[in-house]
Amino acid sequence: MLFTKLLIPTLKENPSEADVVSHKLLMRAGFIRKLTSGVYSYLPLGLMTLRKIERIVREEMNAAGAQEVLLPMVQPADLWAESGRLQKYGPELLRFKDRHGRESCLGPTHEEVITDLVRNNIHSYRGLPVNLYQIQTKFRDEIRPRFGLMRGREFIMKDAYSFDATEAGADAAYEAMNKAYHQIFSRCGLQFRAVEADTGTIGGSFSHEFMVLADTGEDTIVICRQCSYAANLEKAACSAAPLSERREEKPLSKIETPGKRKVDAVCDFLKIAPQNLLKTMVYIADGRPVAVLLRGDHEVQTVKLKNMLGANEVELASDQECFDATGVPTGYLGPIGLKIPVVADLTVTTMQNFTTGANEKNFHYLNANLGRDFTVEKTADLRMITTTDHCPLCGGELELPRGIEVGHIFKLGTAYSEALNAKFLDSNGQEQPFIMGCYGIGVSRVMAAAIEQNHDKDGIVFPLPIAPFQVIILNLGFTDDAITTAATDLYQSLREKGIDTLLDDRDERPGSKFKDADLLGIPFRVTIGKRFSADGIVEIRDRKHGEITEVPFAEAREMLTKMLTEAII
RNA sequence: CGGGAUGUGGCUCAGUCUGGUAGAGCACUUGCUUCGGGAGUAAGGGGUCGGAGGUUCGAAUCCUCUCAUCCCGACCA
């Protein structure tokens, strides 16, 4: 394509609204423009990269035996009521009424629609297994969209759904997707890890997230330095170091701790380590208060708590809610004599003679002990893992790098098929619910994640497979017909070879062309200018390494073809 | 939803505290010079300062309300 024929509105300065590097560069390089919060237009270059990612996704999905469909974005609320998610999904589901007053919503995901489609059209095990996917715009009314394409409200997603007759078949479908995802993200040129994940609102029994490693990622993941263990924070299992020896339980005593509310303040005041303090956090779980006990230096992992309680919504109580529930000001709460349900993190069972709030303003207890002084309803792993923890598989050291979630695969089981009464007849003529799996890729997010991972001070450094163009030719001799002719000839011959080439034919000074070429991140840049006039030489520069290869004009095409082939392998 | 910040030509910002009728740089148009890492020069076009109301002789500037955007938190297939 010709630069002058494309809408590529590059910016010299970072837009004030952008904070993360992918957002800044996508705006500056003219890939996207914002319409409103969390909603973006894709300009020609942005769309080209998107299409390249989609193409890789399609090829791998098709190779894995999935079939492409396209499902509606506007969905009847009734269908969501059937699965129970009309209530459960919350305000993220954008709801509206049509002119007849029918309740509708914009699809944030498509389990309901696909299950409805399959239940109406597949009635026998003979029609199984089947895996259907689509690439489509999704809408989720996020509480807080941010970081450009990283967390938009409207975004492009590939979602696939598998339907199987047997558990073994469902496992195979999951494994096929797991493989396809590894292929897809590798082909996109990304550094990523698949991590064990919590199943969240979608429900189901087993899941992995595909995380692109980048410091600016919104999520923290847990990776073992020794073995292959990888999980996200919600899932990462914390073990409680067993008691080395049981010490003698000392008598409980109460001590005045005037104005000492925070863990640090109490510890300083009493000259104890936070490991010897038990802290009590009050949460509101589906409207009811619950006290959560933790060691002083630990933090609650809300998702673990939610799962333990089997609650839909769990939120830290405000100071007021806390006082209303317990009659004690926050800072002096403790389990002894507390009137609300109490649950504890596993580590608490290994603590002895610890300090804790006395449920009385300005007082704490010393030498409290679980069992003797109070009991709890349940104990479970409820805390956030840290780098001082050890790998639950091999005991090795852990790392907690940041990541961007670009894909997620779930084994759903029969949660949706049962809710929506989607059944088939098995070979014995028995009715069975479909066993399902669902598999998502944030296509537009992949573009942002790729940039987070591949950029430098001059701009984007695209991995070749997803760059909008493979080669950019700079015509630096705008007034020189020989140069212009050479640039145009090379451009034509590369295009004939099927190489995606952009010819910078603008009447701009060289400096601007160099800057823009760097900003756009096109992997190979061919400069035709002075050196061509003097010696018939053109320069090929590798965007990533900055290496310059000088070749005679006549050999440029062959050299580029060779470099592109090598770069792909 | 809680906390913080910002809205002034297309973009980045100054001017607001201390009211006096709108500026700079970039971008854009035209001419001349220039042409290998975001040129120089001259002449131009474009904004009633997010919106509404109020105070005042006079409001970008002060007051009230409102809308939008961004950041932190909670949240998140």
Side-chain angles (χ1 to χ4, degrees), chain A residues 9-20 23-24 27-28 30 33-39 85 89-93 107-111 138 140-148 150-153 155 157-161 197-204 207-210 218-219 232-234 283-284 300 302-303 306 313-320 405-412 416 437-442 445 458-459 474-480 483 506-519 525 527-534 538-539 541 546 548:
Chain A
T10 59
L11 305 172
K12 281 189 186 175
E13 287 171 287
N14 283 319
S16 58
E17 68 189 29
D19 203 51
V20 297
H23 190 192
K24 287 178 185 170
M27 292 288 295
R28 284 191 53 204
R33 284 294 183 265
K34 184 180 73 176
L35 180 62
T36 182
S37 179
V39 179
R85 284 208 296 184
Y89 211 93
E92 223 176 283
L93 181 66
T109 174
H110 286 237
E111 282 80 7
K138 294 282 188 283
R140 292 183 189 176
D141 203 357
E142 295 279 352
I143 303 173
R144 186 177 155 215
R146 55 181 144 181
F147 303 152
M150 296 260 272
R151 178 168 298 281
R153 295 150 81 207
F155 58 99
M157 181 171 181
K158 187 282 306 180
D159 47 326
Y161 306 89
D198 184 74
T199 47
T201 10
I202 285 282
S207 111
H208 282 87
E209 286 174 349
F210 288 77
E218 285 188 271
D219 300 299
N232 69 12
L233 278 183
E234 289 87 45
Y283 279 78
I284 307 291
V300 175
T302 320
V303 174
K306 198 193 266 187
E313 221 168 298
V314 169
E315 210 180 350
L316 186 62
S318 65
D319 286 357
Q320 187 59 48
E405 182 188 346
V406 290
H408 203 154
I409 59 178
F410 287 87
K411 197 179 158 197
L412 287 175
Y416 287 92
C438 77
Y439 318 93
I441 290 179
R445 189 185 277 182
D458 295 316
L474 303 190
N475 172 0
L476 294 193
F478 208 74
T479 53
D480 182 331
I483 290 176
R506 293 176 300 169
D507 182 9
E508 287 288 339
R509 296 165 59 84
S512 302
K513 296 193 177 192
F514 287 133
K515 289 287 183 190
D516 276 341
D518 287 346
L519 181 60
R525 182 186 85 193
T527 306
I528 306 183
K530 267 184 184 167
R531 295 279 285 127
F532 175 76
S533 304
V538 302
E539 297 163 8
R541 182 167 175 273
I548 293 176

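Quick note: numbers below take in every heavy atom, side chains included, and nothing from hydrogens, waters or symmetry partners. Below, read A as the first sequence line, B as the second, and so on, with proteins coming before strands; counting in each chain starts at 1. All figures in this text were calculated on a predicted structure; none of them were measured in a lab.
When heavy atoms are screened at a 4.0 angstrom cut-off, S16(A) is found touching the sugar-phosphate backbone but no base atom. Contact annotation for R33(A): no contact, since no heavy-atom pair falls under 4.0 Å across all strands. When heavy atoms are screened at a 4.0 angstrom cut-off, P9(A) is found touching no nucleic acid atom at all. When heavy atoms are screened at a 4.0 angstrom cut-off, Y283(A) is found touching no nucleic acid atom at all. Contact annotation for K34(A): backbone-only contact, meaning every heavy-atom pair under 4.0 Å involves sugar-phosphate atoms and none involves a base. Among the heavy atoms of the strands, none lies under 4.0 Å from E218(A). Looking at heavy-atom distances under 4.0 Å, E234(A) makes no contact with the nucleic acid at all. The residue T527(A) sits close to a base: some heavy atom pair falls under 4.0 Å. Within the nucleic acid shown, K138(A) comes within 4.0 Å of at least one base atom, counting heavy atoms only.
Straight-line distance from the CZ atom of F155(A) to the C1' atom of C76(B): 10 Å, rounded to whole Å. Rounded to whole Å, atom C1' of C26(B) lies 13 Å from atom CZ of R28(A). Rounded to an integer number of Å, the gap from H23(A) NE2 to C11(B) P is 13 Å. G2(B) atom P lies 17 Å from atom CD1 of I284(A), rounded to whole Å. Separating the CG atom of L35(A) from the P atom of A68(B) is a distance of 14 Å, rounded to the nearest angstrom. Atom CG of L474(A) is separated from atom C1' of G37(B) by 11 Å (rounded to the nearest Å). Look at NZ on K513(A): it is 15 Å from C1' on U34(B), rounded to the nearest Å. Spacing between atom CG of N475(A) and atom P of C35(B) amounts to 16 Å, rounded to whole angstrom units.
Between G36(B), C76(B), G38(B), one nucleotide has an atom nearer to the side chain of D219(A) than all others, and that is C76(B). The R146(A) side chain lies nearest to C71(B) when the options are C71(B), C35(B), G36(B). In this structure, of C76(B), A74(B), G37(B), it is G37(B) that holds the atom nearest to the side chain of D518(A). Closest to the side chain of R509(A), from the set G36(B), C35(B), C72(B), is C35(B). Of the candidates C72(B), A68(B), G37(B), A68(B) carries the atom nearest the T36(A) side chain, counting heavy atoms from C-beta on. Among the nucleotides G37(B), G25(B), C75(B), the one closest to any side-chain atom of E13(A) is G25(B). Of the candidates C76(B), G37(B), G38(B), G37(B) carries the atom nearest the F514(A) side chain, counting heavy atoms from C-beta on.
Contact annotation: the side chain of K34(A) never approaches that of P15(A) to less than 4.5 Å [non-hydrogen atoms, C-beta and beyond]. For the pair D480(A) and F532(A), the minimum side-chain heavy-atom distance is 4.5 Å or more. At a threshold of 4.5 Å between non-hydrogen side-chain atoms, the residues E92(A) and P108(A) do not count as touching. Looking at heavy atoms from C-beta onward, L93(A) lies out of side-chain contact with R85(A) at the 4.5 angstrom threshold. For the pair R525(A) and D518(A), the minimum side-chain heavy-atom distance is below 4.5 Å.
Partner assigned to G36(B) is none, using Watson-Crick or G-U wobble distances below 3.5 angstrom. In this entry G19(B) has no Watson-Crick or G-U wobble partner, no candidate having both defining distances under 3.5 Å. If you check A60(B) for Watson-Crick or wobble pairing at under 3.5 angstrom, you find it has no partner at all. Across all strands shown, U48(B) forms no Watson-Crick or G-U wobble pair with both key distances under 3.5 Å. Pair assignment for G73(B) gives C1(B), based on Watson-Crick or G-U wobble hydrogen-bonding distances that are each under 3.5 Å. Both distances falling under 3.5 Å, in either a Watson-Crick or a G-U wobble arrangement, place U6(B) opposite A68(B). Across all strands shown, U41(B) forms a Watson-Crick or G-U wobble pair, both distances under 3.5 Å, with G31(B).
Here, G19(B) and C63(B) have their C1' atoms 13 Å apart, quoted to the whole Å. Nucleotides G15(B) and G9(B) place their P atoms 15 Å apart, quoted to the nearest Å. Comparing C67(B) with C13(B), their P atoms sit 25 Å apart, to the nearest whole Å. One P atom belongs to G47(B), the other to A22(B), and the distance between them is 12 Å to the nearest Å. Straight-line distance between the C1' atoms of A59(B) and G51(B): roughly 15 Å, to the nearest whole Å. As rounded to the nearest Å, G23(B) and U29(B) have P atoms that lie 24 Å from one another. For the C1' atoms, the distance linking C49(B) with U6(B) amounts to 14 Å, nearest Å. Taking atom C1' on both C32(B) and G46(B), the two are 24 Å apart, rounded to the nearest angstrom.
Summarising the geometry of C438(A) relative to E111(A), their closest heavy-atom pair is SG-OE2, 3.4 Å, with the distance given to 0.1 Å.
Judged by closest nucleotide on RNA chain B, K530(A) is the one of E405(A) and K530(A) placed further toward the 5' end. Annotation: of the two residues near RNA chain B, P145(A) and L476(A), the 5′-most nearest-nucleotide partner is L476(A).
A donor-acceptor pair under 3.5 Å is absent between the side-chain atoms of R541(A) and the main chain of I548(A), judged by distance alone.
Judged by distance alone, with hydrogens and angles left aside, R525(A) brings a side-chain donor or acceptor within reach of the base of G37(B), the pair sitting under 3.5 Å. Residue-to-nucleotide contacts include no donor-acceptor pair under 3.5 Å from the side chain of E17(A) to the base of G7(B).
E209(A) contributes atom CD, which lies 4.5 Å from atom NE2 of H408(A) (distance to the nearest 0.5 angstrom). Atom CD of E508(A) and atom CG of L476(A) lie 12.0 Å apart (nearest 0.5 Å).
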